[in-house]
Amino acid sequence: MCCFGETRWLSSAPMSVRVRFAPSPTGHLHIGGARTALFNWLYARHTGGQFVLRIEDTDEERNTPEAINVILEGLRWLGLDWDEGPAGESKGNRGPYFQSQRGEIYARHVEALKAKGLAYEHEGAIRFRMQREAITIPDLVCGDVVRELTDREQEQPDFVIVRSDGKPVFHLVNVIDDLEMGITHVIRGEDHLSNTAKHIALFRALDAEPPAFAHIPLILNSDGSKMSKRDDGASLDGWQQTHCVPEAVVNYLSLLGWSPKDDSQVMPMAEIIERFDLPQINRANARFDVKKMQWMNYEHLRNLPMPRYRQLASEAGMDFGDAAEDYIEAALVTCQNKVKQISDLPDYCRFYFTDAFEYDEAMAAKAFAPENKEGFAKLRELFANLESFEPELTETALKALAEELDVKIRALVMPARCACTGVKIGPSLYDLMAVLGRDRVLARFDRALARMDESGEG
RNA sequence: GACCCCUUCGUCUAGUGGUUAGGACACCGGCCUUUCACGCCGGCGACACGGGUUCGAGUCCCGUAGGGGUCGCCA
């Protein structure tokens with residue numbers, strides 16, 4: 001009994017799994033497409049199978065190197081590596097992986113269909129002789145779906161597989177590619193469910209057993225409407241550009257239409273791979289929730305190893321000036337669990353890397369009020385003579401002084417914070433002063449004291 | 001017009017005939033606290049509707065409504 005526990009997936013995937021993601025280059029990677037890629041990738045990694053990337057670049061209008069690159073870069077950014085597909089030169093031996101280069105393969109199959117009498121020419125185009133009876137689609141997510149012909153299909157059941165200009169259409173090339181590439185599981189959006197009857201008929205006509213199908217629910221806007229590229233959060237580029245943590249996007253997307261069936265929310269990639277499987281996929285469409293995505297991003301952001309956090313900060317445009325590495329890291333440590341998104345970081349920790357900052361006037365007006373001056377001046381002298389500038393020491397000293405002077409702690413903290421950072425919010429005061437170092441803190445105190453003198457006299 | 005899928009808090013979801021219907025995000029209180037966060041405690045808040053089946057239905061069946069998808073010489 002114990003021996004079989006670790007290989008339970010074998011029961012649902014007896015043969016080596018081969019899945020694919022087949023995007024068309026539109027100039028951006030839709031979040032729904034990214035999720036489809038993710039589910040395929042997760043299934044491949046979970047089962048130890050192969051993840052194939054195939055570019056459906058038959059639409060010459062939109063087919064540009066840049067558009068293809070957007071997809072490749074998006075997948076790489078998410079960490080979804082492919083075992084076969086484009087990669088400088090293609091990798092894998094079932095290629096080519098661009099449909100634009102597979103014309104001969106399609107032509108060969110079309111000829112075979114015509115020879116068998118299953119396809120025929122009609123007004124210059126070639127139509128497939130589609131069966132008129134209902135087709136049952138065995139779907140791993142939706143169960144057996146019996147697809148009847150629609151009224152329009154009853155008028156003309158034979159659909160076009162090659163246009164009159166000689167170009168094969170999507171349904172045909174999709175099926176031929178899946179067949180030729182040995183795809184075992186087709187995991188794709190539910191928008192393809194109805195069309196799957198055509199695909200099954202095509203597989204049979206090609207003397208092939210159709211692969212297993214798993215149609216996953218769609219991702220909708222927050223108002224339930226169909227998500228298009230203009231909508232909030234709809235394009236992966238947006239999340240890339242705001243320097244989100246890719247693992248957070250993966251984590252959030254994995255929870256849309258799939259559930260680990262317990263209360264797990266934040267999970268590392270390895271755990272998602274371990275737990276992901278087809279039976280836990282939902283049937284209902286999900287709505288994209290920007291707020292929860294941002295929360296997920298923060299959860300991953302605050303747990304990032306410092307080197308990666310530092311790198312992300314740089315990518316987000318953080319200017320560290322000529323600060324030493326130790327100093328940079330010490331500064332970032334005080335920010336990492338406070339900053340919600342990396343794009344907020346530059347403003348949040350600017351004071352660490354420049355002395356030339358203005359005071360926030362609303363803050364300064366209160367912090368540098370005349371009644372705070374005497375205590376603050378004493379705090380400066382106290383700090384000047386402290387043994388060291390460790391947070392524990394400065395905190396103890398400050399609190400002791402507050403008690404001695406019989407003032408609230410904030411009467412000392414606020415001017416100190418304003419003097420050091422210029423703003424109301426920021427890292428822990430004692431931590432930030434330790435990073436800044438005594439000399440710098442004292443200099444900033446003096447600058448603040450000078451200003452308090454001015455306002456006191458004026 | 002036809003065909004197909006779906007329907008639990010605002011959102012993501014758990015729930016496979018008997019639960020005070022659970023968790024997460026969001027929102028609202030409180031505690032903690034030098035700020036902002038975090039954390040902790042608490043609150044708000046859902047089984048679309050109508051019929052069945054059953055001792056008993058969010059769970060099974062039928063219908064209605066609503067949402068989504070598809071029916072192209074787009075992919």
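Since this is a predicted model, take the numbers as computed values, not measurements. In what follows, chains are A, B, ... by sequence order, proteins preceding strands, each numbered from 1.
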- Rounded to the nearest angstrom, tell me the gap between atom CD in A/Glu148 and atom P in B/G69.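 Taking CD of A/Glu148 and P of B/G69, I get 22 Å after rounding.
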- Message: For the P atoms, the ones on B/U54 and on B/U59, what distance do you get once it is rounded to whole angstrom?
- Response: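 My reading of the P atoms in B/U54 and B/U59 gives 16 Å.
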Is the shortest side-chain N/O distance from [X] to OP1 or OP2 of [N] below 4.0 Å?
X: A/Lys340; N: B/C38; answer: yes
X: A/Arg163; N: B/C74; answer: yes
X: A/Lys261; N: B/A14; answer: yes
X: A/Thr58; N: B/A75; answer: yes

Which nucleotide, if any, forms a Watson-Crick or G-U wobble pair with [N], using both distances under 3.5 Å?
N: B/U7; value: B/A65
N: B/G39; value: B/C31
N: B/U59; value: none
N: B/A26; value: none
N: B/G45; value: none
N: B/A2; value: B/U70

- Query: Taking only residues two or more places apart in sequence or in another chain, which ones pass ring pair (Phe, Tyr, Trp, His ring centres under 6.0 Å) with A/Tyr298?
  - Reply: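 Scan of A/Tyr298 (ring pair (Phe, Tyr, Trp, His ring centres under 6.0 Å), adjacent residues dropped) gives none.
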- A/Phe276: ring pair (Phe, Tyr, Trp, His ring centres under 6.0 Å) partners, not counting sequence neighbours: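 A/Phe39, A/Trp258.
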- Indicate, yes or no, whether a donor-acceptor pair under 3.5 Å links the base of B/C73 to the side chain of A/Ser164.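 Yes, a donor-acceptor pair under 3.5 Å.
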Output a table of nitrogen or oxygen pairs between the protein and nucleotides 32-34 of chain B separated by less than 3.5 Å.
| residue | atom | partner | partner atom | Å |
| --- | --- | --- | --- | --- |
| B/U34 | OP1 | A/Lys399 | NZ | 3.4 |
| B/U34 | O2 | A/Arg417 | NE | 3.4 |
| B/U34 | O2 | A/Arg417 | NH2 | 2.7 |
| B/U34 | N3 | A/Leu429 | N | 3.2 |
| B/U34 | O4 | A/Ser428 | OG | 2.7 |
| B/U34 | O4 | A/Leu429 | N | 3.4 |

Every protein N/O lying under 3.5 Å from an N/O of nucleotides 41-45 of chain B:
none

- Under-4.0 Å salt bridge between A/Arg20 and A/Asp178: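 Yes.
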- Is the closest side-chain heavy-atom distance between A/Tyr348 and A/Val423 below 4.5 Å?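 Sidechains of A/Val423 and A/Tyr348: no contact.
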- Message: A side-chain contact here means heavy atoms from C-beta on lying under 4.5 Å apart; do A/Ile55 and A/Tyr97 qualify?
- Response: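 No, every pair of side-chain atoms sits at 4.5 Å or beyond.
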Protein-nucleic acid N or O pairs under 3.5 Å, nucleotides 8-12 of chain B:
| residue | atom | partner | partner atom | Å |
| --- | --- | --- | --- | --- |
| B/C12 | OP1 | A/Arg287 | N | 3.1 |
| B/C12 | O2' | A/Leu255 | O | 3.1 |

- Pi-cation contact, A/Phe389 with A/Arg440 (under 6.0 Å, within 45°):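 No, A/Arg440 does not lie over the aromatic ring of A/Phe389.
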- Query: For A/Val146, which contact category applies under a 4.0 Å heavy-atom criterion: base, sugar-phosphate, or nothing?
  - Reply: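 Touches sugar-phosphate only.
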- Provide the full list of salt bridge (Lys or Arg N to Asp or Glu O under 4.0 Å) pairs with a residue in residues 329-341 of chain A, sequence neighbours left out, each pair given once.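 Qualifying pairs: none.
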